[in-house]
Number of protein chains: 2
Amino acid sequence: MESSHERSGWSERAAQALAAAGYRRGGARSAIVELLGEQSCALSAAEIEHELRGRSRKVSRASVYRVIEELEGAGLLARVEVGQGSVRFEPALEGPGHHHHLVCERCGRLQPFSDEGLERAIRRLSERMPARISEHEIVLRGACEACAPR
Amino acid sequence: MESSHERSGWSERAAQALAAAGYRRGGARSAIVELLGEQSCALSAAEIEHELRGRSRKVSRASVYRVIEELEGAGLLARVEVGQGSVRFEPALEGPGHHHHLVCERCGRLQPFSDEGLERAIRRLSERMPARISEHEIVLRGACEACAPR
DNA sequence: GTTCCTGCAAAAGATTTGCAGTGAC
DNA sequence: GTCACTGCAAATCTTTTGCAGGAAC
């Protein structure tokens with residue numbers, strides 16, 4: 001888990017990157033970027049809309065999807081698909097914040113984890129593949145600690 | 001890549017498992033199981049419907065989804081989500097046929113691959129996690145050999 | 001003042017469900 | 001003959017798009 005300092009760093013980087021790409025500092029866009037920067041794990045579009053409705057300001061579903069698309073295009077947002085009906089998104093962090101997900105098959109909760117051995121195996125494999133690998137995503141499924149303690 | 005012998009083995013196992021679970025040997029169900037058993041990589045629900053329309057018999061979209069659900073519930077079918085609008089499915093093979101996917105960001109093609117180093121890293125990690133891991137899914141993204149030869 | 005941003009409502013896709021007729025046992 | 005299976009059509013849910021008014025620059 002990374003510090004909130006690093007996460008808020010993402011919001012700033014994202015805001016700068018969008019500005020550099022010629023986007024204006026609109027209300028919906030800023031609110032979405034700020035909310036995403038505070039998250040420790042992935043949110044769906046509906047969750048982003050719902051969360052903002054109760055907080056900073058109401059933002060339309062359409063704007064949520066539009067901003068998500070901009071951020072994903074700039075490589076700032078990672079798409080997380082875990083088979084629960086809707087796609088989820090989270091800040092794309094390299095190095096320290098990089099993580100993957102465990103989905104509990106009983107309670108449906110999403111838990112982040114990271115493992116250097118796994119990253120090393122991915123790096124080695126990427127070098128041997130006849131393709132240029134730019135990203136990877138790993139999802140583990142099973143019963144989480146709360147649902148099936150060992 | 002596994003032999004067609006192993007793949008057809010899946011159809012038989014799946015048919016038996018469904019029969020044991022009390023399902024009857026209906027036309028749509030049999031056709032779908034047979035088609036899936038012949039595949040070397042994942043198909044979407046629409047692809048299954050379209051493929052069957054040209055071959056063995058016409059099967060409705062609803063039946064495709066219903067049979068997929070039965071097979072997935074029995075642990076015979078693996079769900080593959082690679083962010084292309086629709087979910088894909090393929091026979092769940094353990095051991096020799098086990099593989100993961102590379103998605104080309106340019107042409108969108110899906111390519112299977114397998115790597116023992118990666119599997120080893122997953123096994124080690126699973127033992128150390130405070131959860132009971134039953135499955136894992138790995139997706140690599142990048143430019144495939146045809147789109148960006150090294 | 002111009003151009004981009006946003007919300008609303010409608011559209012487009014994917015998946016699920018209800019129901020009546022058909023088929024497996 | 002009974003109960004499950006299937007297709008059709010309608011419903012539901014997520015995501016995308018068109019357009020008109022409002023905001024950033």
Side-chain angles (χ1 to χ4, degrees), chain A residues 14-36 42-74 77-89 108, chain B residues 14-36 42-74 77 79-89 108 110:
Chain A
Q16 284 180 8
L18 291 182
Y23 293 110
R24 293 179 183 175
R25 210 173 285 274
R29 182 171 293 141
S30 305
I32 293 169
V33 168
E34 189 175 341
L35 175 67
L36 286 171
L43 293 180
S44 67
E47 286 167 348
I48 293 172
E49 183 189 14
H50 184 262
E51 186 68 18
L52 287 175
R53 185 177 301 263
R55 292 204 205 186
S56 43
R57 63 166 282 179
K58 184 173 170 296
V59 166
S60 76
R61 183 76 50 101
S63 291
V64 172
Y65 282 107
R66 280 187 285 236
V67 174
I68 283 172
E69 190 182 353
E70 294 161 9
L71 290 168
E72 213 189 349
L77 206 59
R79 173 180 290 248
V80 178
E81 292 182 84
V82 294
Q84 298 174 147
S86 58
V87 182
R88 287 161 179 276
F89 301 89
Chain B
Q16 284 181 8
L18 290 181
Y23 293 109
R24 293 182 183 173
R25 215 172 283 275
R29 182 171 294 140
S30 306
I32 293 169
V33 168
E34 189 174 342
L35 175 67
L36 285 171
L43 293 181
S44 67
E47 286 167 348
I48 292 172
E49 184 189 11
H50 184 261
E51 187 67 19
L52 286 176
R53 186 176 301 264
R55 291 208 208 182
S56 42
R57 62 167 277 176
K58 184 173 171 296
V59 166
S60 76
R61 183 76 51 102
S63 291
V64 173
Y65 282 108
R66 280 187 285 236
V67 174
I68 283 173
E69 191 181 354
E70 295 161 8
L71 290 168
E72 213 188 349
L77 205 61
R79 172 182 289 251
V80 179
E81 292 182 84
V82 295
Q84 296 173 147
S86 59
V87 182
R88 286 160 179 276
F89 301 89
L110 205 60

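Numbered from 1 within each chain, the chains take letters A, B, ... in sequence-line order. Not measured: the values here are computed from a predicted model.
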When the distance from [atom1] of [X] to [atom2] of [N] is rounded to whole Å, what number comes out?
| X | N | atom1 | atom2 | result |
| --- | --- | --- | --- | --- |
| B:Glu81 | D:dT15 | CD | P | 11 Å |
| B:Tyr23 | D:dT6 | OH | P | 11 Å |
| B:Lys58 | D:dG7 | NZ | P | 7 Å |
| A:Arg57 | C:dC5 | CZ | C1' | 10 Å |
| B:Glu49 | C:dG13 | CD | P | 15 Å |
| B:Arg29 | D:dG7 | CZ | P | 11 Å |
| A:Leu52 | C:dG7 | CG | P | 10 Å |
| B:Leu18 | D:dA4 | CG | P | 16 Å |

Nearest listed nucleotide, side chain of [X], among [options]:
| X | options | answer |
| --- | --- | --- |
| A:Ala62 | C:dC8, D:dG7, C:dC5 | C:dC8 |
| A:Arg61 | C:dG23, C:dC5, D:dT15 | D:dT15 |
| B:Arg25 | C:dA24, C:dT15, C:dG7 | C:dA24 |
| A:Ser86 | D:dT17, D:dG7, D:dT15 | D:dT15 |
| B:Ala45 | C:dC5, C:dC8, C:dT15 | C:dT15 |
| A:Tyr65 | D:dC8, D:dT14, C:dG7 | D:dT14 |

I'd like to know whether [atom1] of [X] has more than 12 heavy-atom contacts from other residues, nucleotides or ligands below 6.0 angstrom.
| X | atom1 | answer |
| --- | --- | --- |
| A:Gln84 | CD | yes |
| B:Glu34 | CD | no |
| A:Arg25 | CZ | no |

One thing to verify: whether B:Arg53 and B:Glu49 come together as a salt bridge, which I'm taking to mean a side-chain N less than 4.0 angstrom from a carboxylate O.
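A salt bridge links B:Glu49 with B:Arg53.
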
Sole candidate of A:Leu18, A:Val59, A:Leu71 that passes side chain to side chain contact (heavy atoms under 4.5 Å, CB included) when paired with A:Arg29: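 Going through the options one by one, the only one that passes is A:Leu18.
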
(message) If I compare all heavy atoms of B:Ser63 with all of B:Ile32, which pair ends up nearest, and what's the gap?
(response)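 Taking every non-hydrogen atom into account, O-CD1, 3.8 Å.
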
- Item | Heavy-atom closest pair, residues B:Ala31 and B:Leu52 |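 Scanning both residues completely, I find the closest heavy atoms to be O-CD2, 3.8 Å.
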
Describe, as an angle rounded to 10 degrees, how the axis at the first end of the helix from C:dG1-D:dC25 to C:dC25-D:dG1 is tilted relative to the axis at the last end, five pairs per end.
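Between the axes fitted at each end of the helix from C:dG1-D:dC25 to C:dC25-D:dG1 lies an angle of 30°.
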
- Message: Can you tell me if B:Ser63 touches the phosphate of D:dG7, counting only side-chain N or O atoms and a distance under 4.0 Å to OP1 or OP2?
- Response: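 So the side chain of B:Ser63 is within the cut-off, an N or O lying under 4.0 Å from OP1 or OP2 of D:dG7.
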
Quiz item: Is any side-chain N or O of B:Arg24 closer than 4.0 Å to OP1 or OP2 of D:dT2?
Solution: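 So the side-chain polar atoms of B:Arg24 never come under 4.0 Å of the phosphate oxygens OP1 or OP2 of D:dT2.
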
Would you kindly compare B:Gly27 and B:Phe89 by the position of their nearest DNA chain C nucleotide and give the one closer to the 5′ end?
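Of the two residues, B:Phe89 wins.
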
Roughly how far, to the nearest 0.5 Å, is CD of A:Glu51 from OG of A:Ser44?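 Rounded to the nearest 0.5 Å, the OG-CD separation comes to 11.0 Å.
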
So B:Ala28, base contact, sugar-phosphate only, or nothing? Heavy-atom distance under 4.0 Å.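 Counting heavy atoms under 4.0 Å across all strands, the contact made by B:Ala28 is with sugar-phosphate only.
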
Once you apply a heavy-atom cut-off of 4.0 Å, does B:Arg66 come out as touching a base, just sugar-phosphate, or nothing?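 Result for B:Arg66 = base.
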
